[in-house]
Every structure is written in C-alpha cells, then in structure tokens.
Amino acid sequence: MTSTHVAWLALALVLSPVIVLPPLAYDAHARRAAKLEEQPAIDAVARRLPTSDLALSGGARWLRSVSLEEPGAAFADGPASPDPDPAGAAMAPPVDVWAEPSMGYKTEGRGR
Amino acid sequence: MKMSILAFALRAVARRKARAFALGGGLVFAVALLAAVVFLTESLRAEAERAREAHSDIVVQKLVGGRPSLIRFDEASKLQDIPSVRAVTARVWGYIFLPSLQGNVTVVGTSLPASPLSVANGVLAEGRDIAQGKDAHEMIVGAELARFLGMRPGDELGLPTSNPEAHALKLVGTFRSSLDLYTADVILCDESDARALLALPSGEATDLAVTLSNPKETRVVARTITERLPGARVIERDLLARVHHLSYGRRAGFVLGAAIPAILALLVLAWDRASGLGPDERREIAVLKAIGWSTSEVLWAKLFESLLVGASATALGLLLGYAWIFWLGAPGLRPALVGWSVLYPRAPLTPAVDVAQLLAISLSVMGPFALLSIVPAWRAATTDPLETMRT
C-alpha cells in the first residue's frame with residue numbers, strides 16, 4: 001500500500017464518525033416516516049386512553065400512569081432517592097412470592 | 001505535509017496493534033453503552049410525546065389525604081361554565097390484578113361520543129369497535145395481552161372483581177401490535193362494564209378530562225379550576241412533557257450509574273495513556289526529532305494517532321449502539337430501562353435522537369482521549385533526542 005493510500009485510509013478513519021452518521025440518519029428518517037403514517041391511529045387510540053404514559057410496567061400503578069397518578073413520581077420519596085417500584089431493574093422481583101388472589105374475589109373462567 | 005504525518009500516525013498505530021485494540025475496545029464499549037442508553041431513552045420519551053397531543057388539555061383529580069381519589073360527577077358542572085372550556089368528561093378507568101398474568105391490566109371505560117376504532121383506521125389488528133350500551137359487555141384488548149391469554153375475537157373473559165354484578169366481557173377486537181407501547185395492558189370496554197369491574201359507585205368517576213376551545217388558555221383555566229375545586233389536582237397536558245423527561249431521564253441515570261464500573265475501567269485505560277509514553281514511543285520520538293521533525297510535527301503525529309483510535313472507536317460505538325437498540329430491539333438493555341413486566345410491549349422503537357446529542361456523545365469520549373495524549377508527547381518531544389536514545 002502506497003503512502004498516499006495509507007494517508008487517505010487514515011483520513012477516512014479520522015472522519016469515520018462523520019461517515020457513519022448519514023446511513024444511520026437515513027435509517028432513522030425512514031423509521032420516523034413510517035411512524036408518522038401511524039400517527040392518525042395513535043391519535044385515535046390515545047383519545048380513548050386515560051393517559052399518554054407508555055404501557056411499560058403494568059405491575060405498579062405509579063409507573064403505568066406516572067403523569068396522572070403521581071405527577072412527581074420521579075422523586076416521589078425524595079430527590080434522587082432509590083426507586084421503590086420494580087421498574088428500572090434488569091431483574092424482576094420473585095413473582096412466585098406474590099399472594100394468591102383474595103378469597104373474596106369473583107373469578108370466572110374464560111369461555112370459548 | 002499533514003497527510004504524510006497522518007499516514008505516519010496510522011502506521012505507528014499499526015505497529016502497536018495490541019495497545020490500539022485495548023484502548024479502542026474500551027472506547028467502543030463506552031460509546032456504544034452511552035449511545036444506546038440515550039437512543040432508548042429519547043425513543044421512549046418521543047413515543048409518549050406522540051400520544052400526548054391527542055389527550056385532553058386538562059385532567060382534574062380529587063385528592064384525599066394526598067392520594068388520588070374518586071371524584072363526583074356533579075363536580076363537572078362547576079367547570080362547564082368556565083370560559084374556553086368546551087367539554088368536561090367524567091372518565092372511568094383503573095387497574096385490576098390478573099392472577100393468571102401475575103400483573104395488572106388497565107381497564108378503560110369508553111363513554112359516548114368516542115372516536116371510532118377500526119381495522120381501516122389502523123388501530124385494530126382484527127375485529128371491530130365495542131358496541132356501546134349496558135348490555136353489550138364487549139371489550140378490545142392489547143395484542144400482547146390477547147396473546148398472553150390466548151384469546152381470539154369471540155372469546156369471553158371474566159376478570160377478578162369484588163363486584164358480583166360485573167359481567168364477563170366478550171373480546172370483539174385487538175389493538176394493532178405496533179400500538180403495543182400504549183395498549184399492551186389495556187382492556188377497553190363500555191363505561192358501565194368498567195364501572196362494574198372496578199366497583200366504582202354510581203355518580204363517581206376516576207377523574208375529569210377537560211377539553212378547551214383554546215389550549216393557549218390552559219394555565220388560566222387551570223387556575224380557575226383550582227379556585228372552584230379547592231384541593232383538586234389539576235394536571236395540564238403541556239406539563240406532561242416534563243414528567244416524561246423526568247421519568248425516562250431518571251431511568252437512564254440509573255442505568256448509566258450502574259455502568260460506572262465499566263466507565264471507570266475505561267478511565268484507567270485513559271490514565272495509562274496520560275501517565276506517559278513507553279520507552280519505544282520515546283525512542284521513536286527521539287529518532288523523529290533527530291532526523292529533523294519539529295516539535296509541532298511530533299505533536300501532530302501523536303494527536304493523529306489518538307484521533308485515529310478515538311474516531312474509529314467512536315464511529316463503531318455509535319453504529320453498535322444504534323444497531324443494538326433499533327435493529328436488534330435492545331436485548332439486555334430494554335428490561336433495565338423499560339422496567340420488567342409480564343406484558344412487554346414488542347413494538348419496534350423509533351429513533352428520536354438529534355445530531356447535537358450524537359456530537360455530545362462523540363466529543364465527550366473522543367475529546368478527552370485525544371487531549372490526554374498531547375501532554376506526554378509534548379514532554380517527550382521537548383527533551384534532548386540524544387539523551388532519550390541513550391537511556
């Protein structure tokens with residue numbers, strides 16, 4: 001490889017962050033455009049839902065709808081205090097220790 | 001001249017492959033982790049923002065003992081004559097724990113008039129909208145929930161409830177899986193069914209949704225509502241953006257906090273770089289000086305060496321971070337940021353990061369790395385070449 005080739009290769013490596021961005025930007029643009037086509041559907045379903053919060057952690061009410069139930073949920077117990085709820089953790093709590101449904105609850109089997 | 005120095009720098013990096021790979025590997029990991037967390041956080045925030053615009057301008061809740069409580073229907077009449085208020089809707093919704101799911105589902109009651117949901121308008125994957133009325137007992141559920149319960153349109157589900165009058169609901173449609181982020185745990189039914197399932201007393205609602213004819217007057221109307229309903233919690237739609245920033249930003253902070261040991265390892269590598277040059281590199285600089293290179297040319301060569309490693313690693317890190325989140329679906333990182341749940345929304349994420357954030361990630365890693373190489377190189381370049389070669 002000649003010195004000129006090595007120099008151009010080196011220049012390409014130095015500029016590689018700039019080189020890698022356009023393909024990523026193109027992919028991101030295509031995905032955003034596809035999402036934009038879904039916007040009417042999102043609007044239609046959002047009008048029926050109580051909140052725009054995402055259905056991420058259905059196990060904890062203050063996380064399912066953080067904006068409505070606990071507007072200060074990010075710091076409910078104190079600024080920067082550890083998160084008392086189970087979300088935001090890589091490991092789930094042991095679900096097998098959860099109690100069986102209360103005896104007073106009415107439960108019906110699913111029919112087909 | 002600079003191009004020839006650049007070529008020299010690349011050959012120098014190639015001569016010290018092992019060191020370049022160690023430093024570059026650490027940088028790739030750090031950039032990929034930082035970028036992935038930012039990509040995922042911004043994407044989730046943007047998803048919440050997409051739905052925010054369609055929501056009512058103000059939500060009013062009643063507080064009892066500092067906790068949200070049920071609000072009476074007649075409270076709505078106190079708000080209807082406020083100028084700019086177009087409609088006040090009492091909403092019925094809440095949560096039910098499903099033992100078979102080991103998690104909560106969100107039961108949402110629909111009251112008339114409601115925007116239609118259909119396969120044609122892209123909301124439903126199959127089936128139709130629920131029929132309104134007390135005797136319909138129909139529901140639409142999220143695709144993920146339907147899949148988990150093994151339900152198809154026509155099936156019936158009896159939800160656990162303390163109200164013996166609550167009916168089993170017939171599934172008439174499922175939401176499209178691309179809307180999973182909003183509907184994964186949702187059971188949409190008639191308001192009367194939701195009221196029965198949630199055991200809400202008649203005349204009471206979960207909260208009030210206020211729609212304004214002029215959303216710019218939100219702040220004024222919110223203040224008036226507070227005066228008319230003392231103790232009520234008034235949530236403005238515009239402020240929800242801040243809540244989304246806080247909640248997702250906090251999660252990102254926790255993940256990055258957990259990554260501190262890895263980033264510390266990277267700093268140790270950088271410290272190795274900053275603490276001085278090896279004997280081979282010193283000898284190389286001395287030879288360069290002896291054959292006529294100036295101090296600035298030596299510094300340029302060393303700066304280019306750092307830039308070659310740093311820039312390549314940054315580019316690769318950005319690429320890996322993007323691929324991790326948007327092409328592979330964020331395996332490993334998604335539970336940490338999204339939270340655990342039985343019902344995981346499977347909808348693909350949409351990129352929402354901007355160029356400024358990418359530049360910040362790149363410069364925060366590459367900048368210090370490049371600058372750290374200058375000081376030891378300058379020290380070596382300013383010493384006598386003969387003395388260096390003798391030692």
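Every chain is numbered from 1, with letters handed out A, B, ... down the list of sequences.
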Keeping the roles fixed (side chain from A:R32, backbone from B:T350), state whether a donor-acceptor pair exists under 3.5 Å. no
Which heavy atom of A:L11 sits nearest a heavy atom of B:M3, and at what distance? CD2-CE, 4.1 Å
Going by side chain to side chain contact (heavy atoms under 4.5 Å, CB included), A:R48 matches just one of B:L117, B:V108, B:V186. Which one? B:L117
Per-residue contact mode, B:L318 against chain A (heavy atom under 4.5 angstrom): both
About how many Å separate CZ of B:F175 and CG of A:L49, when rounded to the nearest 0.5 Å? 6.5 Å
Closest heavy-atom contact between B:S178 and A:K35? O-NZ, 4.0 Å
Tell me, side chain or backbone of B:R176 under 4.5 Å from chain A's heavy atoms, or both, or neither? side chain
Engaged part of A:V6 at the chain B interface, taking heavy atoms whose separation is under 4.5 Å: both
Taking B:F326's backbone N and O only, do any of them form a donor-acceptor pair with A:R31's side chain (distance below 3.5 Å, no angle check)? yes
Verdict with supporting geometry, B:Y322 and A:D27, side-chain hydrogen bond (donor to acceptor under 3.5 Å, both in side chains): CA-CA 10 Å; B:Y322 189 91; A:D27 184 78; 2.6 Å; yes
Please report the closest heavy-atom contact between A:A55 and B:A184, naming both atoms and the distance. CB-N, 4.0 Å
What part of B:D354 gets closer than 4.5 Å to chain A, counting heavy atoms only: side chain, backbone, both or neither? neither
Report the distance from atom CG of B:D185 to atom CG of A:L54, rounding to the nearest 0.5 Å. 10.5 Å
With chain B, which of A:T4, A:L9, A:I42 has the greatest number of heavy-atom pairs at distances under 4.5 Å? A:I42
Value for CH2 (B:W327) from CG (A:L24), rounded to nearest 0.5 Å, stands at 6.0 Å
Looking only at heavy atoms, what is the nearest atom pair of A:S52 and B:A48, with distance? CB-O, 3.6 Å
Could you measure the distance from the CG atom of A:L13 to the CG atom of B:L316? Nearest 0.5 Å is fine. 11.0 Å
Interchain contact, A:I19 with chain B, by part (heavy-atom threshold 4.5 Å): neither
Gap separating the CH2 atom of A:W8 from the CG atom of B:L10, nearest 0.5 angstrom: 14.5 Å
Exercise: identify the closest heavy-atom pair between B:A51 and A:A46: O-CB, 3.7 Å
Using non-hydrogen atoms and a 4.5 Å limit, figure out which bit of B:R91 sits close to chain A: side chain, backbone, both or neither. side chain
Under 4.5 Å heavy-atom distance to chain A, tell me which part of B:D180 shows up: side chain, backbone, both or neither. backbone
Under 4.5 Å to a heavy atom of chain A? For B:A352 that would be backbone
I'd like to verify something: which residue of B:R11, B:R50, B:H55, B:E47 has the highest number of heavy-atom pairs under 4.5 Å with chain A? B:H55
Can you give me the closest heavy-atom contact between B:A311 and A:V14, atom names plus distance? CB-O, 3.3 Å
Rounded to the nearest 0.5 Å, what's the gap from CZ on B:R52 to CG on A:D53? Could you check? 11.5 Å
